Amino acid sequence: MKKACISSCRVTAHHVFHTPRQTSPVRILMFMVVMLGALSRIAAVSAQECIAWHSAEVTGRQGHGLAYDKARHRMVLFGGHRGETPPGTWEFDGKRWFWMHGSQPAGLEGISLAYDEIRDETVLFGGVDSHLGFRAETWAWDGARWFLRETAGPSPRTDHRMAYDSARGVIVLFGGYGNQGHNSETWEWDGAAWTLRATTGPAPRSRHGLAYDAYRGVTVLFGGKAGVFFGDTWEWNGSDWSLRAQDGPPPASAISMAYDAGRKVTTLIGTWNGRGMTWEWDGDVWTRVAEDAPRKASSGAAAFDADRGIVFYVTGGWPSEYSAQTWGWDGSAWTLHTPQRASRRPSARADHAMAYDRFRDATVMFGGGFTCVNENTCNRGEYRYIKGDTWELDGSGWKKLHPDPREGPMRRSCHAMTFDPDRRMALLFGGKTLRAGFSNELWGWDGQRWTLLSQEGPSPRVRPAMTYDERRGVLVLFGGGSEEGPTLADTWEWDGTQWFLRSEKGPVSRVRHTLVYDSVRGVNVLFGGSSTKGPRWLGDTWEWDGVDWVQRSTSGPSARSSHSMVFNTGRGTTVLYGGVVGQYDSGNPITSSETWEWDGAAWSLLGSEVMESRFRHAMAYDETNGDLVVFAGWYGPQEAYSDITWLAGRDCNCNERPDRDEILDGTEADGNSNGVPDSCER
């Protein structure tokens with residue numbers, strides 16, 4: 001049986017209960033300055049401030065829908081598929097993607113979206129649900145929430161196409177694939193009901209292109225498939241279909257089309273023989289206008305941005321490499337607007353750790369795991385490979401650092417990190433290493449090199465929680481998982497020279513919990529986790545003042561583990577995001593997308609669906625820019641690792657936030673590392 005990532009408490013003779021060194025007048029003065037600064041920032045920020053997470057890109061997928069909301073000047077994206085269909089609505093303001101909160105349709109792929117200009121709403125129809133099969137609901141998005149408009153009309157289907165006829169004020173739908181196979185039905189939606197307008201015209205098909213030519217007042221159709229690929233061009237005038245061309249682009253499916261109102265042409269994006277191509281239809285002939293198109297120009301979605309005069313295209317892909325790059329076509333060239341692989345950045349991973357270095361204004365990240373051993377053990381976090389790379393995120397982007405590998409930590413996952421302002425070092429403790437198993441090493445990173453600071457003190461363990469108590473000048477560590485199996489409940493402190501066992505009383509033993517230092521109140525805040533000695537998931541809040549643990553609250557966030565937590569010095573509050581809150585019958589984790597805030601007296605929910613749910617990610621607070629920074633983790637089961645960086649700042653108005661998106665772009669710079677299976681219990 002594979003060993004779980006958990007370790008017994010080994011207390012030797014020199015591990016005694018210890019009172020920390022006496023606090024010096026200088027330290028008291030420094031603490032008062034920090035505290036007064038934090039209090040002044042709190043007074044300037046409303047307690048009701050919301051949270052607005054944004055990213056430079058969308059999670060990779062295929063089979064999603066895209067439409068342009070003219071009233072709100074934003075692209076709307078919904079759905080798609082990546083192993084498990086990730087539900088969710090995204091909006092793009094021309095620079096950033098925002099995860100939209102609120103009730104949403106079930107996760108769907110193979111959908112179609114169209115914007116209804118009369119009613120100012122984005123309409124969604126059909127698709128396929130990974131659990132419920134083909135769907136036939138009609139939904140509408142008003143920028144704040146989805147409304148179920150109708151359940152009658154076209155039969156359940158997927159891979160159909162829709163376009164808005166602005167002259168007649170209706171949405172035109174053609175084709176698709178359902179329980180009866182491919183079909184050739186033409187339907188129209190007037191905002192209240194669907195009407196079947198024709199059953200003849202183009203042959204039955206799915207995954208074709210469809211766009212409305214507002215200058216000529218016709219809906220244009222090209223290609224698709226139904227056993228064979230089509231290369232014909234048709235037009236619908238509101239009453240009849242007419243065959244307009246049988247030459248032009250090669251026969252193809254999984255294409256996208258959008259009408260460029262500024263140039264009065266229909267733009268087609270697709271892939272033939274593995275190569276992307278761009279074509280335009282002027283009503284008479286097709287012209288190949290570019291020798292290339294975005295990579296992964298298959299199973300994506302396109303829409304025309306009337307305000308910017310650009311056809312935006314969000315790429316798709318196949319199971320071997322999902323994609324969601326955002327490209328723009330201005331009629332002469334393609335531009336990558338939200339690079340997914342434009343510069344160096346860390347690869348997808350989970351169970352890594354981060355800490356913010358306030359002196360160098362950089363978020364430091366180390367290690368993590370990726371690639372499950374096999375599908376049956378994936379949800380238990382058994383990684384085939386673990387990493388040993390050091391990265392920093394500053395104002396210019398992610399940078400991979402190259403310390404001497406002979407002098408730094410071994411590859412590992414399930415470790416803990418925090419920042420020590422007294423020694424100006426990011427500290428790393430424990431984890432599951434590449435070759436030596438569970439670790440109790442304490443390492444320090446000064447921006448140039450790693451230094452081994454201690455190998456004595458707490459027993460080897462994984463997923464402990466750790467923070468730095470600035471008032472008393474000590475590193476505080478609680479719990480974790482022992483190599484023998486049980487979770488631990490010991491409290492340790494490191495004074496810069498040696499470790500001291502401070503308590504074995506207080507919170508129940510646990511793993512995958514969080515611990516942060518509240519610099520306003522001078523206490524260390526602990527929340528949640530999971531335990532082998534009680535409830536599997538915990539939802540309790542505790543505080544450590546250096547002498548005793550005090551349980552502060554049992555209400556607030558639901559019980560969870562594998563979440564993240566930081567202290568926001570700008571608001572003087574503790575912020576919590578995400579985690580695992582339960583388990584489906586299939587064994588897959590139930591994950592949270594909630595963001596909570598603790599002010600020392602009560603928890604407040606800042607947002608329940610402001611970012612994709614995830615767990616085993618890492619979060620840090622960038623004090624200089626006032627940003628919460630989240631990187632990677634799992635956003636779903638079945639090896640759905642993330643490599644996206646998210647930011648959330650103090651400002652509630654997303655459109656007014658400073659533009660820091662250049663730091664979100666990047667590429668994976670390091671190739672796959674050869675590792676060994678890594679096992680971490682949730």
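The structure displayed is predicted, hence computed values, not measured ones.
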Tell me if the aromatic rings of W286 and F222 count as close, with their centers under 6.0 Å from one another. yes
Is there a donor-acceptor contact under 3.5 Å from the side chain of S112 to the main chain of M162? yes
Beyond-backbone contact of W241 with T200, side-chain heavy atoms, under 4.5 angstrom: no
Indicate, with yes or no, if the rings of F230 and H208 have centres closer together than 6.0 Å. no
Taking V314's backbone N and O only, do any of them form a donor-acceptor pair with H64's side chain (distance below 3.5 Å, no angle check)? yes
Can you tell me if CZ on F304 sees more than 12 non-hydrogen neighbours from other groups inside 6.0 Å? yes
Is a donor from one side chain sitting under 3.5 angstrom from an acceptor on the other, for Y115 and D120? yes
My understanding is that only residues two or more places apart in sequence, or in another chain, count here; which of them pass salt bridge (Lys or Arg N to Asp or Glu O under 4.0 Å) with K70? E117
Please determine, by modelled atom types, if T278 and W329 share a side-chain donor-acceptor pair under 3.5 angstrom. no
Looking only at side-chain N and O atoms, does R244 offer a donor or acceptor that is under 3.5 Å from a partner on S242? no
Using only atom types and a distance under 3.5 Å, with no angle test, would you say the side chain of T591 pairs donor to acceptor with the backbone of S613? no
When you compare the side chain of L173 with that of W194, does any pair of heavy atoms fall below 4.5 Å? yes
Can you name the residues that form a ring pair (Phe, Tyr, Trp, His ring centres under 6.0 Å) with Y68, not counting sequence neighbours? none
Backbone N/O of G238 and side chain of R197: donor-acceptor pair under 3.5 Å: yes
When you measure from the side chain of R157 to the backbone of S155, do you find a donor-acceptor pair of N or O atoms at a distance under 3.5 Å? yes
Do W189 and F125 have ring centroids that are under 6.0 Å from one another? no
Can you check whether F615's main-chain N or O pairs, donor with acceptor, with S562's side chain at less than 3.5 Å? no
Would you say that more than 12 heavy atoms from the other residues, nucleotides or ligands in this model lie under 6.0 Å from the CZ of F147, or not? yes
Hits for salt bridge (Lys or Arg N to Asp or Glu O under 4.0 Å) against R161, two or more places apart or cross-chain, chain-then-number order -> none
Tell me if a side-chain donor or acceptor on R205 pairs with a main-chain N or O of G175 at a distance below 3.5 Å. no
Check whether the side chains of W97 and T326 place a donor and an acceptor atom closer than 3.5 Å, and report yes or no. yes
Any donor-acceptor pair under 3.5 Å linking the side chain of W187 with the backbone of G153? no
